[in-house]
Each structure stands twice: as C-alpha cells, then as structure tokens.
Amino acid sequence: MLSQASKPGPEAARLGAVRDRAVAGPAEPLLDIRGLGISFGRAASRTAVTRDISFAVEKGQCVGLVGESGCGKTVTGLALMGLLPLSGSHFDGEVLFRGENLLRLSERQWRSKRGRHIGMIFQEPMSALDPVFTIGEQISETLRAHFRINRKEARERAIDALAKVGIPDPSVRYEAYPHELSGGMRQRAMIAMAISCEPALLIADEPTTALDVTVQAQIMDVLADLNQRMGMAILFISHDLGLVSQACDRLVTMYAGEVVESGAIDDVLVEPRHPYTSGLLRSLPTFSPRKSRLPSIPGRVPKAGEFPHGCRFESRCAHARPRCRVPQPIHTLPTGAHVRCCRHEELDLPGVTQ
Amino acid sequence: MIIDATLPPAAATRPVVTVDDVTVRFPLGQKRFLTAVDAVSLAVTQGETFGLIGESGSGKSTLGRSIVCLEKPTTGRVLHGEIDPYGLKSKALRLHRRQYQIIFQDPSAALDPRMTILKSVREPLDVLAEKPRRERDAIAMEMLERVGLDGGFADRYPHQLSGGQKQRACIARVLTLQPSLIVCDEAIAALDVSIQADILNLLADLQTEFGLTYFFISHDIGVVEHIADTVAVMYLGQIVEIAPAEVLADGYRHPYTEALLSAEPVALPSHMRSDRRIVLEGELPSPVKPPSGCRFRTRCRYATERCAAEAPPLRELAPGHRAACHYAETFRRDLQPQEVEA
C-alpha cells in the first residue's frame, strides 16, 4: 500500500469510492463502446467479425462479457487494448475511454495508454510472461516504461503489486522466474503486472479457465478485491456464467459478433430477455433435476463471414418466427437494459429460477 | 438415506471394476518417487455412473488409466469382474480390453488429422480384423448416426468439425467395440456449456441403450453431481470421501468436499447465493513429499495436532458413504442440532 502515497494522479483519490453508482454520478462512463464493428482483410474481401457492439463500463464497475467460443468476446477485448494489427483490421463506430476515441490512436499514442490506463490479463499466464526474465524485472519494466522512476522505486512498487495480489514473500518472489511458480502464482504475477500502473480499467480474458476450482476462487477474490477496494473497473470476459454472476454488476451477452442482451446481472439471471441468454443459463446442470435431460441449444455459432442476414440466432432459436429473418435492431428497455430480439415483449423466458 | 432403501443392496449388484488397494508410483530418479495414486480401493457397479472429482495433480487421470489397463499399478489389483487384466498375456489382453474404453478431454488430439471421420471410427474394428470390410463400415456408420453425426460427416476430416462434433466422433469410435465400461477423462471440459449439455444428454441416452457403465472423471462438481450415481473425491492420490451423489451435495462429511462445493461458482443472483464460501489457502502440496498424517491438513481450517500425527482412515459413516476425516461427524456446525440419529 506504500506506493499509493507516492503516486500522484486521479486514481489515488478514488480509493474506496466503489461500486456505488450514485458516487459515479451522471458523468460519462469510463469506457463507452458505441457501435463497434471489427472486420479483417482488405477492402474487397473484408470479413466482419463483430458489428454494432455497444455497451459501457462505468468507473469501479465489473462488467461480464459472455457467449460461446466464436462469438467475438476475445476480439472485442483485444480491440479495446489496441492489440489488433492496425493494418488488416478495419473498425467502425467508436470506443470512448474517458471521452477519447481509442480507435483513432496511433501505435505511438497507444504505447502510453496500453498498460498504463488499461491493463489486460489472459487465460494462459505462461505465454504472457517472458521465461528469461524474473517476474519482478517484468513488472519493473512496465513501471519504468510509464513513470519517471528509478530502478529502486520501480522495484519497491513491483514488490508492492506482488503483495497486493496475495503472493507470499513478495520480495523473494520478485527474483523468481515464471517456471518456478505454480499456475495460480503465475496468474497472480500476471495480474500484478497488469495492475502495477494502477490502470482504471482491467480487461480480464478468461483469467481462471486454466486453473483448478480452489485456485480459481483465490484469483476471483484477488479481482474482487481490486474492484471493490481500489475501485478498478473490470471487463470480465468468460464463458462461465457462474463466475460472471459472482463477480459482475452487469452482464453483456454476445452472439455471433453482436451484443444480443445487456443488463444488471441479477435481473438478467432471473429474467433473461433474449432466448440465447436464457438457453445458456438453462443448459447449466445446476438448474436441472439430477439425471434429467439438460436443455441444450441445438446447432452451433455460425462462422464469421457466414452470418445470416436476419436474426443471427434464428436457426438455433426455439421461438423463431418468420419475422425474425430480417435484421434485428437492439431495443432499449425501460430499465436501461438492452435486447436484440423482436419478440422480447411477448416472450416469457426461463431464467435461473425458472 | 431413504433413496438407498429402494436400490438393491450393494452386495447384489455386480461390480464391473474393482480397484483393490491400488498404488501407482512413478520413479523420479535418485530414489525419489511420485505417488500418484495411493492405496485406493473402490468398486464400480454395472450400469452406474461413477463420478471422480479432484484438482489437477490429485491422481484422478492415473487412476482412470489404470482401470483401462494403460497404467499398471505398482501394488494392488484392478479387477474387471473376476478377471485381473494385468495378469493376461498380450493377446488375451487385447481381446479383453476392448470392453474397457476411454475418451479424453481433447478430441482434436484423439483423432488423426489425416483420416476421415469414418476411418477413425472404424479403426478399432480394423485393428481387430475380425469382420469383413463392408460390415466394419456398416458398424462405423451406424455408430456415427447413433451419436448424431449422420451420413455427411463420414467423409469429412477432423478440422471440418466443431469440438462437440469431434467428441461425438470419439464416442462413436469407442462404441464400435461394444464396451461395457467407458472412462470419460474430462470428456466435456473443453466444450462450451450448451455443447456440454448436448454431450451429457448423449452419454445418458447411450447408457440406457447399451447398458454402459461410466467412470466419469471431472473437476466440475456441478456436472458430476448431475450425472453420477456415486461420487468419489480425490486429494493427493487418495480418496477422501465417497458417497451416493444425492447425499453428497448436502450430506458431505469431509472438509475438502465442503471447500470444493463452496468454491463452485453458481449462476444465481446475489440475494439467492449462500454466504458459505470457503476459499482454501495455498495449492495442492507436492505428491513427491506429501504432508504427514492427513494430507489435506495443510489447507484445512479444522485441522488439529491429531491430523498431523495420524492419517485418518476412510471410514464408513452410513451405507455407501465413507469419509477420511477424524472429525467427519463433528466438523460441520450447521448439522450439529439435527445430528441425533444419523
């Protein structure tokens, strides 16, 4: 905790002001994604991977982004981090971070933003850490790239970051190479690196998928602690609805490159408005009697480039009607939630409580 | 316990597999050993789904492999019915082991990328070479259809299939040999939830149709509770609790089971979630140098001096329910008042 005193900047003042949306006030959200479309390839043969992605992450909020593999969750996360190649990728819409459009940044401008204001952690810590440097050196390097500090200060703050994510004996572990740590400890080290500059937003892409349940619970505690005590906003990308409902305030469901539903987590769990969200929830074994047939979603996510013209979920949806075959706009509900389904008003879809 | 009474008594049902005091030890050199499975005994009865849960490194895959004759126990015996497969000569073993099959977590690694799906599925029959080619093709096609991969898939290659479809092909392949037991080693762990549900439904259908027995290895306690009849919990090479699945969720008697259950993230709104959440400290100790006494004691919140000095035996607490904890009857405060009769 020592580093906070020495660290200037707006984040320090906000410590402890958390989750409370009233405190955040009517000011603009931290991250505001408006109609983000990502496509790859040259103009003639461009393939749209996502389209019309809109959602916001407010200060101190934890937003869960869910969907099956191939729905565009990870590519959205990479775009927010400026990690998609500038040549070969085409973006529509805008991504406003503190009012500034990230899609307009040059690689040079990204370098001062990435890691400093937005951090990211990945599923596989071993491939994100460099095997030939100690974890401490890697964290110090990040710090020295963003702040004018000397090696000693960087070391202190790196040790501090290691302590914050619950690594025992942080000053000893500073000297450890990635292969000397267990999977859980490596994931903690990667989180320490991502939060060492105290970014306002942390993008966590399946951060616990490779870990055991008991270690997963530990890592989720670390993330919850960062979110609640330090007020760090988190975009939590996961296919695990259980984890998302435990950790997040809001839920965004993506299907085949589109946002199909978003809303407050507790509302969506009890009363999902899109058949896809409802289907995902109902297919969890926890909500079916033991040994009974599990409700599943037939078929699979269409590939990018093969998205149907109308509702993209239509071919797998039990509630589909002929009118679903036209492109679906996203509807805003009175509660502030969003749903991309023309039948959302007439359908009464089962949630986790049925 | 009421449900137990409706089932035939354990002695009457025939065990398909008996694991009798099995230890699997791997030499590490310099006279050091890694004990992956340590004196495990269990019985899998005909037609049931036996669930095995535990963290990575707990020895559950090694145990599964030794059941299908892929890992010879260092000491102890595995019995298939009355037969000791490790005592068979290689030719007899080949004929025998077809009844004991295994499917793995990653179907992409289990299918040869250069073979069509039909050829992969037919391969076990080709190896046996007992039937003419046309008959083998017919069996393979029938099994493909049975797992929901009709006609069009037979001539495709693995890369043209999704993960769920590939896992279906792997299931079709083991079915061609008409096995009596299938070990499913994290068979659905790599799949999306909705696809997981599909495969679980398929496994249940096949079980009814062919009278299969499953030895279902998973780290996902929610999935195991759903499909298993009996659940065993493994920690550092040992079984710490074993119980009928319907008993385990509320009637668990081991602190490790408690921790696993509470660590499972459940998709419920905040007001419906229980506060009972135990986050274990630390990680699985090294199986090369396990802790003295009870192996779980280093992470157990109820541990006492006795746990370090004395290894708790796997004791029977109720019919079909065993736990290895000195304090199995008393550690759960939430049960104390009603605990008059049990």
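To find a chain, count down the sequence lines: A is the first, B the second, and so on, and within it residues start at 1.
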Chemist: Below 4.5 Å, heavy-atom pairs only: which of Ala197(B), Ser56(B), Ala267(B) has the largest tally toward chain A?
Modeler: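 The answer is Ala267(B).
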Chemist: Should Arg290(A) and Glu225(B) count as side-chain neighbours, where that means a heavy-atom distance under 4.5 Å?
Modeler: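 No, too far: nothing below the 4.5 Å cut-off.
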Chemist: Is it true that a side-chain atom of Glu283(B) and a backbone atom of Ser182(A) form a donor plus acceptor pair closer than 3.5 Å?
Modeler: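 Between the backbone of Ser182(A) and the side chain of Glu283(B) there is no qualifying donor-acceptor contact (under 3.5 Å).
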Chemist: What residues of residues 226-235 of chain B sit under 4.5 Å from chain A when you count only heavy atoms?
Modeler: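 Listed by number, the contacting residues are His226(B), Ile227(B), Ala228(B), Asp229(B).
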Chemist: What closest approach, in Å, do Gln218(A) and Val279(B) show between heavy atoms, and which atom pair accounts for it?
Modeler: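 Scanning both residues, the minimum pair turns out to be CG-CG1, 3.7 Å.
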Chemist: Identify which part of Thr286(A) has an atom lying under 4.5 Å from any heavy atom of chain B, answering side chain, backbone, both or neither.
Modeler: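 The side chain, not the backbone.
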Chemist: Surrounding CD of Glu180(A) (heavy atoms of other residues, nucleotides or ligands, distance under 6.0 Å), is the total greater than 12?
Modeler: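 More than 12 within 6.0 Å, yes.
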Chemist: Sort and list the pairs that fulfil salt bridge (Lys or Arg N to Asp or Glu O under 4.0 Å) and have at least one residue in residues 49-59 of chain B, not counting sequence neighbours.
Modeler: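 Of all non-adjacent pairs touching residues 49-59 of chain B, those that pass salt bridge (Lys or Arg N to Asp or Glu O under 4.0 Å) are Glu55(B)-Arg299(B).
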Chemist: Can you name the nearest heavy-atom pair linking Pro285(A) to Val223(B), along with the distance?
Modeler: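 Closest approach of Pro285(A) to Val223(B), heavy atoms only: CG-CG2, 3.9 Å.
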Chemist: Can you tell which part of Gln165(B) gets under 4.5 Å to a heavy atom of chain A, answering side chain, backbone, both or neither?
Modeler: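 Just the side chain, heavy atoms under 4.5 Å.
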Chemist: Between the side chain of Asp266(A) and the main-chain N/O of Pro269(B), is any donor-acceptor distance below 3.5 Å?
Modeler: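 Answer holds: no.
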Chemist: Are more than 12 heavy atoms from other residues, nucleotides or ligands located less than 6.0 Å from atom NZ of Lys303(A)?
Modeler: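 Open.
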Chemist: Could you pull out all residues at least two apart from Tyr302(B) that satisfy ring-ring contact (aromatic ring centres under 6.0 Å, His included)?
Modeler: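 Per chain and number, Tyr302(B) pairs via ring-ring contact (aromatic ring centres under 6.0 Å, His included) with Phe331(B).
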Chemist: What part of Thr209(A) gets closer than 4.5 Å to chain B, counting heavy atoms only: side chain, backbone, both or neither?
Modeler: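 No part of Thr209(A) comes within 4.5 Å of chain B.
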Chemist: To the nearest 0.5 Å, what is the distance between CG (Leu284(B)) and CG (Asp212(A))?
Modeler: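 Atom-to-atom, Leu284(B):CG and Asp212(A):CG are 7.5 Å apart.
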Chemist: Please flag which part of Leu294(A) lies under 4.5 Å from any non-hydrogen atom of chain B: side chain, backbone, both or neither.
Modeler: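 Contact with chain B involves both backbone and side-chain atoms of Leu294(A).
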Chemist: Which of the residues Pro295(A), Pro168(A), Ser292(A) is involved in the greatest number of heavy-atom pairs with chain B at under 4.5 angstrom?
Modeler: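 Of Pro295(A), Pro168(A), Ser292(A), Ser292(A) has the most heavy-atom pairs under 4.5 Å with chain B.
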Chemist: Among Ile265(A), Val213(A), Asp221(A), Asp240(A), which has the most heavy-atom pairs under 4.5 Å with chain B?
Modeler: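 The option with the most such pairs is Asp221(A).
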Chemist: Quick one: pull up CD in Glu264(B) and CD in Gln246(A) and give me the separation to the nearest 0.5 Å.
Modeler: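 If we round to the nearest 0.5 Å, Glu264(B):CD and Gln246(A):CD are 9.5 Å apart.
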Chemist: For the residue pair Gln207(B) and Lys291(A), what are the closest heavy atoms and their distance?
Modeler: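 Minimum heavy-atom separation between Gln207(B) and Lys291(A): OE1-NZ, 4.4 Å.
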Chemist: May I ask you to list the residues in residues 184-196 of chain B that approach chain A closer than 4.5 angstrom, counting heavy atoms only, ordered by number?
Modeler: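 Within residues 184-196 of chain B, the residues that come under 4.5 Å of chain A (heavy atoms only) are Asp192(B), Val193(B), Ser194(B), Ile195(B).
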Chemist: Is there a side-chain contact between Leu268(B) and Ser245(A), using heavy atoms and a 4.5 Å cut-off?
Modeler: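 Heavy-atom side-chain distance check fails, nothing below 4.5 Å.
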Chemist: Do the side chains of Asp205(B) and Arg293(A) get nearer than 4.5 Å, heavy atoms only?
Modeler: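 Arg293(A) vs Asp205(B): side chains touch.
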